[in-house]
Structures are given as structure tokens and as C-alpha cells.
Chemist: 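I'd like to ask some things about the structure below.
Counting convention: from 1, in listed order, for ligands and their atoms alike. Everything numeric in this text was worked out from a predicted model, so none of it was measured. For the numbers below, each heavy atom of this structure counts, side chains included, while hydrogens, waters and symmetry mates do not.
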Amino acid sequence: MNLLGLHHITAMASDPRANFEFYTRVLALRFVKKSVNQDDPGTYHLYYGDYIGSPGTALTFFPWPGLRRGRPGSGQSYATGFSIPAGSLEFWQERLAKLGVKTEPVTTRFGEKVLTTFDPDGLRLDLIATNEADPRQPAPSEDVPAAHGIHGFHSTTLGVVSPAATVSVLTATMGYRLVATEGHRTRYTVGAGGPGTYVDLLADPALPRGLNGAGTIHHVAFRTPTEISQVEAHGQVARSGLPISPVIDRAYFKSIYYREPSGILFEIATDQPGFTIDEPAESLGTKLGLPPHLEPHRAEIEAALPPLTTKP
Ligand code: ZN
């Protein structure tokens, strides 16, 4: 299967305003798209990433106001890892402390320091001070110098109870390769490897069963370069025996979905066309983006959404 790494990761949130403030002001990601949940157009779909929301940088949210909090655990993507430079951990420790954002004591994972923090809904975020080269540029920010900025995803950590079937899907079907094991955690990579490609399987018996809700991950999307490679991937998943959706046009990419054996929803999304298809790069995130089939309903959709003032 032709996969290049992580594409985007989508989580559930409660208050869209608190979500926007945290990701743009605290983590200094760029707000790259205000859209709607295509399966529930009364709900926003908010996207944060690098300057243009490049594949491998976009963390996205369905914010349902008042949604009760879930619990990260097994049967879910348990944590989302962001890549920061090796020398930037103290910057982030100081910054998060100053802003009153909760963190856990720094840990070491595969020889790299990890600072775990949480968004306003309790979503678990690992800032991973990687020793590896990561040429991806952070989103421009007034508060966070480029030397310390988030480069994009480093990894996703999947909580699994019995990893064998998930390992089989990752390696035999999706082409992931084993990197290393440390304690209950086993790391896999795909494509060229490096930050933005890693999938960690965490088979920790102490991990509680995950409960869906605000502050938990909805699905993890993987990058495939073209619509042709996506069709090939579709065939490979189908032949493995897992039920898989048809190709769905998400306006900014095309997607296919399947649930891996531990219950985690996977998506394979194309790199193209990206978020500049309906807005110029310099004003991304300012206009409500709608897929063509919802465009005729723009007035009703805009009227039904809760107000959310955003700045580019
Ligand atoms: Zn998705």
C-alpha cells in the first residue's frame, strides 16, 4: 500500500471557541479551515495545522457544544504526538505553565523527551522533542518563535488490548514496518519514515477502556499520494476482509474509511487538492468552507451554526 504517513487526526470537542483559542493561541497552530461536519452540517469541522494545513499537520475537531467528556483509553487513538525540536522542551514547559495549561512530568520515549499536555476538553497531546531532522516549517506565530514551533504530527499512539490483529492490519495490509519496542509500546513507520509517519501501539494492561466523547479521538487518517493509489489501497483493505467505505469526496481530500480490529476508525485520504481549493493561502480559515453538495444550503447552514469569530 502506498502510504506516506499520517494525514490528519480528528477529535471531538465541546466548546468551539475554547477549542479555537487553545490551538491557535496556546499551541500556535494556524486555523486553516472552518467547515462543517459533512455527516452533521449543524456542527463545525475546525482544522488547525501549518500555514496551509499540509498533510501530516492537521488536527481537526468536531465541536458539539455541551458534549460530555469521554475517556482516552484502549480501542482508541489514545494520544496525539506533535514534533518539536530537541531543544524546545523547556520553552514549552515554561509557556504552558505560564498559561496555566496542565502538563504531566516529562517522560522519555525511545530516547526522546515527551511533554504531555491536554486541551480544554482533556485531549491528550504529547509534545515530542525529537532528535530527528524535521524540515517541515511551523505555522508563523507572534508568540512562538519558529525555532520552537510545532512542525506537525510526530505520531499517533493507539491503545490496544491485544495487538496481534492490529499489527497484522498495519504491517501486512498497510505496509507499516516495525521500528522498536519499549515496555508496552511498539513503534511502526511507513514510507520514508521520520516524524509524521509513526504509529505507536500501546498495549498497556493499565490503560482503561476508552469512552467516546469530548477530548477523545474520532479517527486517524493516513496519507496516500493520489486517487489511483487510494483505489489500490481500497482493494487491499477489502481483500484483507475488513469492511470499507466507498470513496467519499471531502472537498479538501478524498477519503475511504475502515475500522481496524481493535475498533479504531482509520481513514486513507489523498494529499490533493488541499485546503487552498476554496480559499487563498493567505486567508485560509476566514470563510465557511462547504463541499459543493452543501453549497446550495449555505444560508441555512450558516444561520444554524453557533457564532465563531476567527482571525486569519
Ligand atoms: Zn478524516
Chemist: Side chains of Tyr188 and Asp200: donor-acceptor distance under 3.5 Å anywhere?
Modeler: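 No pair is found: no donor N or O on one side chain lies under 3.5 Å from an acceptor on the other.
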
Chemist: If you group Ile, Leu, Val, Met, Phe, Trp and Tyr whenever their side-chain heavy atoms sit less than 4.5 Å apart, what else falls in with Phe118?
Modeler: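 Under the 4.5 Å side-chain rule, Phe118 groups with nothing.
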
Chemist: With a 3.5 Å cut-off and sequence neighbours excluded, list the donor-acceptor pairs that the side chains of residues 202-212 form with protein atoms.
Modeler:
unit_1, atom_1, unit_2, atom_2, d
Asp204, OD1, Ala206, N, 2.8
Asn212, OD1, Gln76, NE2, 3.4

Chemist: Taking the six-membered ring for Trp, are His8 and His219 parallel (under 30°), tilted (30 to 60°) or perpendicular (over 60°)?
Modeler: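 Plane angle over 60°, so perpendicular.
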
Chemist: Can you sort out the partners of Glu232 under side-chain hydrogen bond (donor to acceptor under 3.5 Å, both in side chains), two or more places apart, ordered by chain and number?
Modeler: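 side-chain hydrogen bond (donor to acceptor under 3.5 Å, both in side chains) list for Glu232, sorted by chain: empty.
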
Chemist: Quick one: give me the number of protein N/O/S atoms under 2.8 Å from the Zn ion (ligand 1).
Modeler: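 For the Zn ion (ligand 1), the figure is 3.
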
Chemist: For the side chain to side chain contact (heavy atoms under 4.5 Å, CB included) test, which of Ile248, Ile244, Ile268, Val247 pairs with Tyr257?
Modeler: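 Testing Tyr257 for a side chain to side chain contact (heavy atoms under 4.5 Å, CB included) against Ile248, Ile244, Ile268, Val247 leaves exactly one candidate, Ile248.
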
